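Before any comments, here is the structure.
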Amino acid sequence: MRFEERLRDRDAWSIGDGCSAGRVLDLLSTKTVFLVVREFFYGTTRFDDFVARIGTSAPAVSRALKQLKAAGIVAPVPYREPGSRAREEYRLTEAGEDLLPVFLSLMQWGDRYLQEGRPPLSFVDAGTGRPVRVRATADPAPEAKSDDIEIRLNPAWRRG
């Protein structure tokens, strides 16, 4: 990347706390918060399922959900099982769904550089089976939503 002419003198300006990347990192500030977001994309909606699938403590998941709720990433939705009291599950908001490229970018980078060519999962277009990839491009391209993506177990993956 290159800066436009008026920004090339890096000592003449600063965005400080206004950096959007820094703000996203503040929001997704812990591994638990990011893994909760991952679980939303994997279809998890209920508190006990987050705790079980992430393998962390209930207080850590509770803090993560509160943080994501306060940021408008998730919203509670009431539900009631027969014979039980009313409870809440959580759903991604539009802002949460818009984290999909962030999630996929990190997964894609990790698959390439941290999995020795054998990532555990593949993300493909549900209609065509073609791999889903995140790329920086100037060309307009249709955006996929999480419902458009199928997650498959990679047959080449072997647990380390």
Side-chain angles (χ1 to χ4, degrees), residues 16-116 118-136 141-160:
D17 291 340
C19 174
S20 296
R23 289 180 175 192
V24 171
L25 291 172
D26 286 343
L27 174 63
L28 303 177
S29 60
T30 67
K31 181 178 178 179
T32 299
V33 172
F34 187 79
L35 293 178
V36 166
V37 170
R38 176 197 70 187
E39 285 304 314
F40 273 109
F41 286 121
Y42 289 179
T44 305
T45 60
R46 295 185 179 177
F47 181 83
D48 291 339
D49 294 334
F50 285 109
V51 173
R53 289 186 173 95
I54 294 170
T56 191
S57 69
V61 170
S62 179
R63 281 190 301 274
L65 287 168
K66 284 179 187 170
Q67 187 170 332
L68 293 168
K69 181 180 169 188
I73 303 299
V74 301
V77 177
Y79 76 94
R80 175 183 233 137
E81 302 223 356
S84 297
R85 65 179 174 85
R87 302 186 81 167
E88 289 181 336
E89 59 185 14
Y90 298 87
R91 303 284 178 184
L92 287 173
T93 63
E94 181 180 351
E97 180 70 28
D98 283 349
L99 281 171
L100 180 63
V102 175
F103 167 74
L104 289 174
S105 292
L106 287 172
M107 292 290 292
Q108 187 175 306
W109 188 90
D111 288 351
R112 182 171 181 177
Y113 294 104
L114 303 176
Q115 295 288 358
E116 298 178 3
R118 296 187 316 263
L121 301 173
S122 297
F123 299 86
V124 302
D125 181 277
T128 66
R130 292 175 45 206
V132 172
R133 290 187 173 66
V134 177
R135 297 280 184 244
E143 288 187 34
K145 295 293 184 189
S146 58
D147 288 344
D148 301 327
I149 298 171
E150 181 175 279
I151 302 168
R152 296 180 179 172
L153 183 62
N154 189 339
W157 180 66
R158 291 188 189 90
R159 212 175 229 150

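It should be emphasised that the depicted structure is a prediction, and the values quoted were computed from it without experimental measurement. Only heavy atoms go into these numbers, but all of them, side chains included; no hydrogens, no water, no symmetry mates.
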What verdict does the salt bridge (Lys or Arg N to Asp or Glu O under 4.0 Å) test give for D125 and R133, after you've listed the backbone C-alpha separation in whole Å, the side-chain angles of each residue and the deciding distance to 0.1 Å?
CA-CA 10 Å; D125 181 277; R133 290 187 173 66; over 6 Å; no

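- In this structure the side chain of L104 reaches within 4.5 angstrom of the side chain of I149, judged on heavy atoms.
- Looking only at side-chain heavy atoms (C-beta outward), V124 and R152 come within less than 4.5 Å of each other.
- When ring centroids are compared, F50 and Y90 stay outside the 6.0 Å threshold.
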Verdict with reasoning, T56 to V51, per side chain to side chain contact (heavy atoms under 4.5 Å, CB included):
CA-CA 6 Å; T56 191; V51 173; 5.9 Å; no

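- We find the CG-CD distance between D49 and E39 to be 9.0 Å, quoted to the nearest 0.5 Å.
- Here the CD1-CZ distance, from I151 to F123, works out to 5.0 Å after rounding to the nearest 0.5 Å.
- Taking all atoms of both residues into account, the shortest heavy-atom contact from L153 to P120 is CD1-O, 3.3 Å.
- Under the 4.5 Å side-chain criterion, counting only non-hydrogen atoms from C-beta, R91 is in contact with T45.
- Contact of the E88 side chain with the Y79 side chain is not registered, since no non-hydrogen atoms from C-beta on lie closer than 4.5 Å.
- Counting heavy-atom neighbours within 6.0 Å of R23 CZ, excluding the residue itself, gives a total of 12 or less.
- Side-chain atoms of S29 and Q67, non-hydrogen and from C-beta on, do get closer than 4.5 Å to each other.
- Taking both residues in full, the closest heavy atoms of S146 and L100 are given as N-CD2, 3.6 Å, listed atom of the first, atom of the second, then distance.
- Relative to the ring axis of F47, R87 does not place its NZ or CZ within 45° and under 6.0 Å from the centre.
- In this structure, CZ in F103 is found 12.0 Å from CG in L28, a value given to the nearest 0.5 Å.
- Salt bridge present: E81 and R46 bring a charged side-chain N and a carboxylate O closer than 4.0 Å.
- E116 meets the side chain to side chain donor-acceptor pair (under 3.5 Å) test with no other residue; sequence neighbours excluded.
- The closest donor-acceptor contact from the side chain of E97 to the backbone of K145 lies at 3.5 Å or more, if one exists at all.
- Interatomic distance, CG of D26 versus SG of C19, reported as 9.5 Å (0.5 Å rounding).
- Using a 4.5 Å heavy-atom cutoff, the side chains of L27 and V24 are not in contact.
- A95 approaches G72 most closely through the heavy-atom pair CB-O, 3.7 Å.
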Could you walk me through whether D111 and L121 satisfy the side chain to side chain contact (heavy atoms under 4.5 Å, CB included) test, starting with their C-alpha distance in whole Å, then the side-chain angles of each, then the deciding distance to 0.1 Å, before giving a yes or no?
CA-CA 9 Å; D111 288 351; L121 301 173; over 6 Å; no

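- With salt bridges taken as basic N to acidic carboxylate O contacts below 4.0 Å, none links D48 and R53.
- Using a distance-only test at 3.5 Å, with no hydrogens or angles considered, a donor-acceptor pair links the side chain of T93 to the main chain of I73.
- Closest of all the heavy-atom pairs between V33 and A64 is CG2-CB, 3.8 Å.
- With rounding to the nearest 0.5 Å, the separation of CG in L99 from CG in L92 is 8.0 Å.
- Contact annotation: the side chain of E89 never approaches that of P76 to less than 4.5 Å [non-hydrogen atoms, C-beta and beyond].
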Would V36 and L65 satisfy side chain to side chain contact (heavy atoms under 4.5 Å, CB included), going step by step from the backbone distance to the final call?
CA-CA 8 Å; V36 166; L65 287 168; 3.8 Å; yes

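- Checking side-chain atoms of S105 against main-chain N and O of P101 turns up a donor-acceptor pair under 3.5 Å.
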